[in-house]
Amino acid sequence: MEAPPAETVIDVSNLSVGLPEGADRPLAVEGADFTIRAGETFCLVGESGSGKSVLAQTIIGMLPPQLRLCGGEVRFRGRPLPPQRSRAFETLRSRELAMIFQDAAASLDPIQRIGHQLEEILQVHGVSGRRERRRRVMDLLQAVQLPEPDRIYRAYPHQISGGQAQRVVIAGALALEPQLLIADEPTTALDVTTQAEILHLMAELARTQNAAVMFITHDIGVVAEIADTVAVMCKGKIVETGTRDAVLTRPRHPYTRRLLAAVPRPADSTPRTDPAPVLNVEGLARAYRIRTGLFSAKPLKALQDISFSLGSGETLGVVGESGSGKSTLARCLLRLEEPDEGRIFFDGQDITTAHGARMQALRSQLQIVLQDPYSALDPRQKIGSAIAEGPVIHGASQSEAERRVHELLDLVGLPQLAAERYPHEFSGGQRQRICIARALALEPKILIADEAVSALDVSIQAQILKLFQDLQQAMGFAMIFITHDLMVAAAICDRVLVMRGGTVVERGAAADVFRSPHDAYTQGLVAAVPGGLYGPLASAGAGAP
């Protein structure tokens, strides 16, 4: 076999990886072919279960024992890789090949200081002398643009933010200057501005170190932002490969076109004029006491002087980064937390201090759909029972509740037989449909969706967003849509509140706020959206089948 060109870092040839017997398909990866060159950012795109992570695990030598190589090979700088999980691969890993995982917190030891963990990587790979290791760690912390490197060096993981933790993990991956850096969904859980910083950092490091980067993602916006080359993966097969511009603007494969068509696009519709108010919030405030020492604490103002109204049938978006107060606002509206100040009026009634039977009666009219459809359902309870529970508690007969279950399953696009199945028998998108059906079982006037689509693949996300809109039109409920994803907010919301540090910094019609933001913070959020909120991606693939 002829040696690949010198600039080729990874050459994958007809690679296949088998799944255990009884899986939904025989191969996790089937006949994969691609190359990655030095200085290139290669984006591998696909939905959950497409085989992206298995392909990355194979290249990094960490293929799970229950999976097996069935054919093909991977060559690194012209040489075949050692056997999976072998000692030879351990020598190669970190020094020549490195990987960044999605969950930075899980990648760091919670009981070891950051500096010690980074020094350990250097020590294991032969860097002797504590002074030399410390110097190199400090250089790494500066290279990934962490503020106050001395403080970060001495800190424990719980003392730094999620974005800083991800930068530390990147620093660890770069410690030995690898030739290939594999990043598996490293920005999925990050706020939009932190995500933009990490994406810029990785692109800059690839350029300055001339390393090849394999970036795994399901976010088409990220692809538009950083990719040189794109490979699209579906059910174990790479169905399309090409330059970023070619794949995003001239997709050839139907699956690629479906992915692009599912990307949320800003709606140009204007809010309805003066819808009848169903919720009014006046001067809401909430503070917590944060312990700073054994006998000392300081107040943290989670909400400050929040006022807004919500009209019948309207969708109000609440956007902002982690810690802005979005979820605290939801808990106060649902009366799961007591506000310190302000008043909440629902249908003209002051519910700020409602308790007991009165609050239980009101709760049927205020429902929530949470972010994680996996933890939101009792794994021991059948779906039909979970949906019927609310109506039964509020006085419906068993036959009425069962009829309602069947109606709701039809509404959310699930078969009636689903009522007899358990949560583990459904996909993430199907579970979220079940959570929506459960929330609508009591025909609420207000539905709060708290990051309800952020954990879903792009095509499932598009289905759930359309489902929300269809159900809202059919049932007439108002919706408070909490999200950090501006693309989603621009696609579904009539009006938006932009929150920062517990305050509303900007409000107005969604199209107006996102097209012409006035506040500097909102401007920063809009500018940080990967691919641009109103950039070329907003029209790429529109109308695709």
Candidates Asp372, Leu377, Ile387 - the one meeting side chain to side chain contact (heavy atoms under 4.5 Å, CB included) with Cys435: Leu377
Glu185 side chain to Phe101 backbone, donor-acceptor under 3.5 Å: no
Ion pair check, Glu425 and Lys382, cut-off under 4.0 Å: no
Any residue meeting side-chain hydrogen bond (donor to acceptor under 3.5 Å, both in side chains) with Glu338, in chain and number order, not counting sequence neighbours: Arg335, His355
N/O donor-acceptor pair under 3.5 Å between Ser385 side chain and Gln381 backbone: no
Val498 side chain reached by Val513 side chain, heavy atoms, under 4.5 Å: yes
Test salt bridge (charged side-chain N to carboxylate O under 4.0 Å, His left out) applied to Arg331 - qualifying residues, sequence neighbours left out: Glu337
Residue pair Pro373 / Gln430, side-chain heavy-atom distance below 4.5 Å: no
Short side-chain to backbone donor-acceptor contact, Glu341 and Gly283, under 3.5 Å: no
Qualifying residue for side chain to side chain contact (heavy atoms under 4.5 Å, CB included) with Phe346, from Thr352, Val278, Leu310, Asn280: Val278
Leu141 vs Leu118 side-chain heavy atoms within contact, under 4.5 Å: yes
From CA spacing to verdict: side-chain hydrogen bond (donor to acceptor under 3.5 Å, both in side chains), Glu321, Tyr521: CA-CA 10 Å; Glu321 297 178 289; Tyr521 176 71; 3.0 Å; yes
Arg431 charged N/C atom sitting above Tyr374 aromatic ring, 6.0 Å / 45°: no
Atom pair CZ/CG of Arg363 and Leu334 - distance to nearest 0.5 Å: 6.5 Å
Gln145 and Leu201: CA distance, side-chain angles, deciding distance, side-chain contact (heavy atoms from CB on, under 4.5 Å) verdict: CA-CA 8 Å; Gln145 301 169 25; Leu201 171 65; 3.9 Å; yes
Smallest separation among heavy atoms of Ile60 and Arg93, with atom names: O-NE, 2.9 Å
Point-to-point distance, once rounded to the nearest 0.5 Å, from CG of Leu176 to NE2 of His125: 5.5 Å
Closest heavy-atom pair and its distance - Val169, Ser107: CG2-CB, 4.0 Å
Heavy-atom side-chain proximity of Thr187 to Gln166 below 4.5 angstrom: no
Arg130 CZ: over 12 foreign heavy atoms closer than 6.0 Å: no
Chi angles and distances behind the side-chain contact (heavy atoms from CB on, under 4.5 Å) call for Arg134, Tyr153: CA-CA 9 Å; Arg134 179 185 170 90; Tyr153 179 91; 2.7 Å; yes
Residues, nucleotides or ligands: over 12 heavy atoms within 6.0 Å of Arg500 CZ: no
For the student: nearest non-hydrogen atoms of Leu122 and Arg133, plus distance: CD1-O, 3.8 Å
His518 vs Glu506, side-chain hydrogen bond (donor to acceptor under 3.5 Å, both in side chains): CA-CA, chis, key distance, verdict: CA-CA 8 Å; His518 298 297; Glu506 191 159 355; 4.9 Å; no
Salt bridge Glu119-Arg136, side-chain N to carboxylate O under 4.0 Å: no
Arg113 (side chain) donor-acceptor with Ala155 (main chain) under 3.5 angstrom: no
Distance, nearest 0.5 Å, that separates CD1 of Ile216 from SG of Cys43: 10.0 Å
Stepwise side-chain contact (heavy atoms from CB on, under 4.5 Å) test for His394 and Leu442: CA-CA 8 Å; His394 286 270; Leu442 293 165; 3.6 Å; yes
Nearest-0.5 Å distance that lies between atom CD in Gln432 and atom CD in Gln461: 11.0 Å
Sequence-distant partners of Arg343, salt bridge (charged side-chain N to carboxylate O under 4.0 Å, His left out), two or more places apart: Asp350
pair Ile448-Val369: side-chain heavy atoms closer than 4.5 Å: no
Contact summary for Cys493 and Phe481, nearest pair of heavy atoms: SG-CB, 4.1 Å
Contacts of type salt bridge (charged side-chain N to carboxylate O under 4.0 Å, His left out), residue Glu47, not counting sequence neighbours: none
side-chain contact (heavy atoms from CB on, under 4.5 Å) involving Ala491 - partner list, sequence neighbours excluded: Pro264
Main-chain N/O of Val144 paired with Arg167 side-chain donor or acceptor, under 3.5 Å: yes
Note, Thr483 side chain near Ser454 side chain (heavy atom, < 4.5 Å): no
Nearest heavy-atom neighbours spanning Val412 and Leu471: CG1-CD1, 4.2 Å
4.5 Å side-chain heavy-atom contact, Cys332 and Leu284: yes
Lys/Arg N to Asp/Glu carboxylate O, Glu314 vs Arg495, below 4.0 Å: yes
Under 3.5 Å donor-acceptor, Asp457 side chain and Ser459 backbone: no
Donor-acceptor pair, side chain of Glu225 and main chain of Gly531, under 3.5 angstrom: yes
Pair Ser307-Glu282, side-chain donor/acceptor within less than 3.5 Å: no
Salt bridge flag under 4.0 Å for residues Asp139 and Arg135: yes
Interatomic distance, Lys52 atom NZ to Asp184 atom CG [nearest 0.5 angstrom]: 7.5 Å
Check: Gln472 side chain, Gly313 main-chain N or O, donor-acceptor pair, under 3.5 Å: yes
Within-4.5 Å side-chain heavy-atom neighbours: Gln365 and Ile446: no
Heavy-atom pair with the smallest gap, counting every atom of Ala175 and Ile121: CB-CG2, 4.2 Å
side-chain contact (heavy atoms from CB on, under 4.5 Å) involving Asp470 - partner list, sequence neighbours excluded: Lys466
Nearest-0.5 Å distance, NZ of residue Lys301 to OG1 of residue Thr328: 15.0 Å
Verdict with supporting geometry, Gln304 and Thr503, side-chain hydrogen bond (donor to acceptor under 3.5 Å, both in side chains): CA-CA 5 Å; Gln304 303 178 62; Thr503 65; 5.7 Å; no
Exceeds 12 heavy-atom contacts within 6.0 angstrom, atom CD of Gln463: yes
